[in-house]
Amino acid sequence: MNEDVQGPSWRMKKSLLLRLGIAMGAIIILAMIGMFSSIFVAENSEGFAAAINHAGTLRMQSYRVASSLVHGTGVDADGAGEQTRRLVEEFEERLHSPRIHKVLGEGAAWEVVDAYQTVEQEWVEAIRPHLERYLDLISSPQIASKRAEIASEQIYYLSGVDNFVQKIHALVKALELDENKRNEQLRLIQIISIIITLLVAAFTLYLTQRSILTPLKDLLLCAGAARHGDLSVRSRYVGEDELGQLGYAFNLMAEDLSKHYADLAELVHEKTVDLERSNHSLELLYSTTKRLSESSLDEDVLEGLIHDIEQLTGVSGGTICLGGPGDQRAFRLASTINLNPDGLGGDCSRCFGDGTSHQIEISNIGGKGCRTLYSVPIRDQENHFGVLLVELSTDDAAELEDWQKPLLETVVSHIALAINTAQKASQNRLLSRLEERSVIARELHDSIAQSLSYLKIQVSRLEKSITDECGRDDNLVITARLRSALNGAYRQLRELLATFRLRISEAGLGAALEATVMEFRERSEIEIVLVDRIANCKFDPNSEIHLIQIIREALSNVIRHANATHAHVSVECDQKGEVTLLVEDDGVGIDEESDVMLHYGMPIMKERAERLGGSLTVSESPSGGTSVKLAFSVSDPLFQDQDGEAQTGL
């Protein structure tokens, strides 16, 4: 606005309050003018009424003088003359009354002054001299001789009294006309004041309607629209007065708010796009993690992953190749696009580059046009597994957006992790096979090899007995021991074969326990109850084999020697890793024959318990049978050392 240039004085001239103040001041001034004019005219009119009254009494006084002249020639001439003299003095007193002179002195109309001067001149020059001569004649002692002169004076006055009264009447009428004129002036002033007041009031109402009510209504409508979110409205009143400045300020405020709202809407849109992009990124990472974790790392899984990348990032396709910088030919693991090897120059060095993310251009098949690829290395901190190639859409100016590059790098980090995990899993499986072979070798050494050594000793004794020609009974005892040892070795071999079929490392210790108990249930009519409370205790394969073998040995003794109907097997492991195995039965208990039959089983179980770092106790169970209790700890350093030793072989 230009009021800044015009200055405060110019704005004051356009002030709405100033104009309304001027209008209200004009109304007040007009009202004051009407009131003061009424007071002024009333004050002047007050003297006119008294003057008219006095002037009217001059007519009656003239006739009273005439009456006194008519009756003055009677019996009492002195009294009549005195009365006439008194009436004349009274006439003069009324003619020169201060009330009449006050009116004349305060600016009476010239008609009034002229009429008064005519009456006064007629009285002073024509009438009063004759009346004074009459009074002198009538008061003279020779009144009788002067009756003719007295009569002449009487006739003169009486003949001219009517004309004189007419002049007095003209004076009265002039006074009345002057008073009426003043009243008409007062009425005119009042009418003009009322008209001007009404005009000023009408102008004030017009000014109020035009400059206050209409702008306020417009501002209220604008404010209501703005309150409901419509910031495009603008006030039409942007004048120089206060409401015009308010409208201008409202328009500036609405414009600023519109700009702020537009900026805020743009910011919300940008944040929404970022949020949607983050959701898409999280969705891609989730699908990547799900695909790589739920399935093996094969071609179908990786192609599905590439399709997810295409759908969520907008690229045209992709390829995953295994290899590293310096490789001339990499292995294409999965692909959703058809790449022209000739366009890559016959090798993969352009794709791998220096091991960092980069963009490359390749020619289409037939050499028509180029295709843009973005290469992201698949690697972790130690290994470089390959590269992910994505083809950029031709509509996107052949360049990835800033948010797509770190997303692709995150995706390929998951692929690298999956490849690394798969390689480690393969290595772990290889180690497990080696460990399993070590366990088998140790078990063969602990059971079959010892039995073969025992058989070898018995064969030497039999050869010596035959060479020494001992008795038949001695040879039969040795052959019986040889048969018993062969049966034991055969039984141990079958048990070892059954144990190694369990595949503990894959099915878990719980499944191996259940399978073992189920096997002995099927081999006998004994009711065997298994209580598995190993929870989440971590057993290594060596400890699992020893535990299973001890259980098998204990259940085998129950079936073969205890003559039991019920057996109970419980395995517990507490939070500290303390493992307790308890095998009980309701059989005949421990006797000499059982001790003999257990001769080959007990040392093996105790030896296994020692290798676990635990203790084995054989006692009588509460039900009268036999109780075998094994206690060891999977967190015992000794156990860990033994385990580490066991993992290295025999």
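Although no hydrogens or angles enter the test, the distance criterion places a donor-acceptor pair under 3.5 Å between the side chain of Q61 and the main chain of L87. For the pair N180 (side chain) and E176 (backbone), a donor-acceptor distance under 3.5 Å is present. For the pair Y134 (side chain) and A151 (backbone), a donor-acceptor distance under 3.5 Å is absent. Proximity of a side-chain donor or acceptor of D218 to a complementary backbone N or O of T214 within less than 3.5 Å is not detected. For the pair N183 (side chain) and E179 (backbone), a donor-acceptor distance under 3.5 Å is present. In terms of modelled atom types and a separation under 3.5 Å, the side chain of T197 and the main chain of I27 share no donor-acceptor contact.
Using a 30° and 60° split on the angle between ring planes, H384 and F352 fall in the perpendicular class, above 60°. Aromatic ring pairs are classed by plane angle as parallel below 30°, tilted from 30° to 60° and perpendicular above 60°; the pair H101 and Y116 is perpendicular.
Residues D274 and R277 are paired through a salt bridge, judged by an N-O separation under 4.0 Å between the basic side chain and the carboxylate. A salt bridge links R128 with E132; the closest basic N to acidic carboxylate O contact falls under 4.0 Å. Comment: D263 does not engage K259 in a salt bridge, judged by the lack of any side-chain N to carboxylate O separation of less than 4.0 angstrom. A salt bridge is absent between R85 and E89; no separation between the charged side-chain nitrogens and carboxylate oxygens falls under 4.0 Å.
Within the 4.5 Å cutoff, the side chain of D162 has heavy atoms near those of the Y63 side chain.
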